[in-house]
Amino acid sequence: MALLDLLLFFFVVWLALSLVWLVRRRRAALPDRWEPRTRALREGGHVVELVCRGEPTQRVQRVPGDLDWEQLGTQLAEAMAEAEARAATLNGARPPSRRR
């Protein structure tokens with residue numbers, strides 16, 4: 001009975017590790033895409049950037065930190081909209097060999 005429990009345990013562990021391996025392999029096969037990101041700056045304010053693994057980061061816009069909440073939200077939304085449009089353009093212009 002202990003041998004059967006041990007075999008069942010190893011089978012479940014093997015199954016879980018196989019699933020993790022398949023998920024990682026599938027994610028690695030996905031093409032690298034440009035994505036907009038927002039990050040806060042130490043000196044105040046925010047910066048909206050385009051990031052893509054293996055490529056240098058492209059700054060889209062810097063939003064000052066001394067704005068009131070309404071202006072800050074509006075400027076961040078506009079910067080993100082611009083970044084999303086640029087990301088769509090860059091992703092669409094990517095050569096087919098880079099899309100995998």
Side-chain angles (χ1 to χ4, degrees):
M1 190 65 172
L3 181 61
L4 184 61
D5 289 341
L6 189 60
L7 285 174
L8 184 61
F9 172 75
F10 281 125
F11 176 73
V12 170
V13 168
W14 174 79
L15 193 63
L17 290 175
S18 296
L19 183 64
V20 168
W21 178 76
L22 283 173
V23 168
R24 285 183 144 200
R25 193 172 124 205
R26 190 170 281 196
R27 283 186 184 167
L30 291 176
D32 297 331
R33 300 185 55 80
W34 289 97
E35 298 177 356
R37 298 273 166 85
T38 304
R39 65 180 175 90
L41 301 172
R42 287 182 194 249
E43 61 272 6
H46 295 81
V47 66
V48 178
E49 301 171 326
L50 291 175
V51 295
C52 179
R53 187 175 52 168
E55 301 285 343
T57 302
Q58 296 186 16
R59 181 178 283 192
V60 175
Q61 185 175 350
R62 185 182 185 284
V63 179
D66 57 352
L67 301 173
D68 63 20
W69 287 105
E70 186 175 317
Q71 290 176 332
L72 178 67
T74 302
Q75 285 203 7
L76 278 175
E78 289 174 357
M80 283 298 288
E82 181 181 345
E84 288 171 357
R86 286 188 190 182
T89 302
L90 287 170
N91 289 331
R94 197 168 275 262
S97 62
R98 290 283 309 224
R99 289 185 187 161
R100 295 183 202 167

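Just so it is clear, the values below take in all heavy atoms, side chains as well, and ignore hydrogens, waters and symmetry mates. These numbers come from a predicted model, not from an experiment.
- Among residues at least two apart or in separate chains, there is no side-chain hydrogen bond (donor to acceptor under 3.5 Å, both in side chains) pair with a member in residues 3-21.
- The closest side-chain heavy-atom distance from Leu90 to Gln58 is below 4.5 Å.
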Without placing hydrogens or testing angles, list every side-chain donor-acceptor pair under 3.5 Å for residues 75-89, not counting sequence neighbours.
residue: Glu82; atom: OE2; partner: Arg86; partner atom: NE; Å: 3.4
residue: Glu82; atom: OE2; partner: Arg86; partner atom: NH2; Å: 2.7
residue: Thr89; atom: OG1; partner: Ala85; partner atom: O; Å: 3.0

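- Applying the salt bridge (charged side-chain N to carboxylate O under 4.0 Å, His left out) test to pairs two or more places apart or on separate chains, none has a residue in residues 66-77.
- Residue pairs satisfying the salt bridge (charged side-chain N to carboxylate O under 4.0 Å, His left out) criterion with at least one member in residues 34-44, sequence neighbours excluded, are listed as follows: Glu35-Arg37, Arg39-Glu49.
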Show the numbers, then the answer: is there a side chain to side chain contact (heavy atoms under 4.5 Å, CB included) between Val60 and Leu50? CA-CA 7 Å; Val60 175; Leu50 291 175; 3.8 Å; yes
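- Follow the hydrophobic side-chain contacts under 4.5 Å out from Leu4 and you never reach Leu6; the two are in separate clusters.
- Connectivity analysis of hydrophobic side chains (ILVMFWY, heavy atoms under 4.5 Å, direct or indirect) links Val47 to Leu41.
- Cluster membership for Trp69 and Val63, using ILVMFWY side-chain heavy atoms within less than 4.5 angstrom, is shared.
- With sequence neighbours excluded, the residues satisfying side chain to side chain contact (heavy atoms under 4.5 Å, CB included) with Val13 are Phe9, Leu17.
- The shortest side-chain heavy-atom distance between Arg59 and Val48 does not fall under the 4.5 Å cut-off.
- Val51 belongs to no hydrophobic cluster, as no Ile, Leu, Val, Met, Phe, Trp or Tyr side chain comes under 4.5 Å of its own.
- Residue Val20 belongs to no hydrophobic cluster, having no ILVMFWY side-chain heavy atom closer than 4.5 Å to its own.
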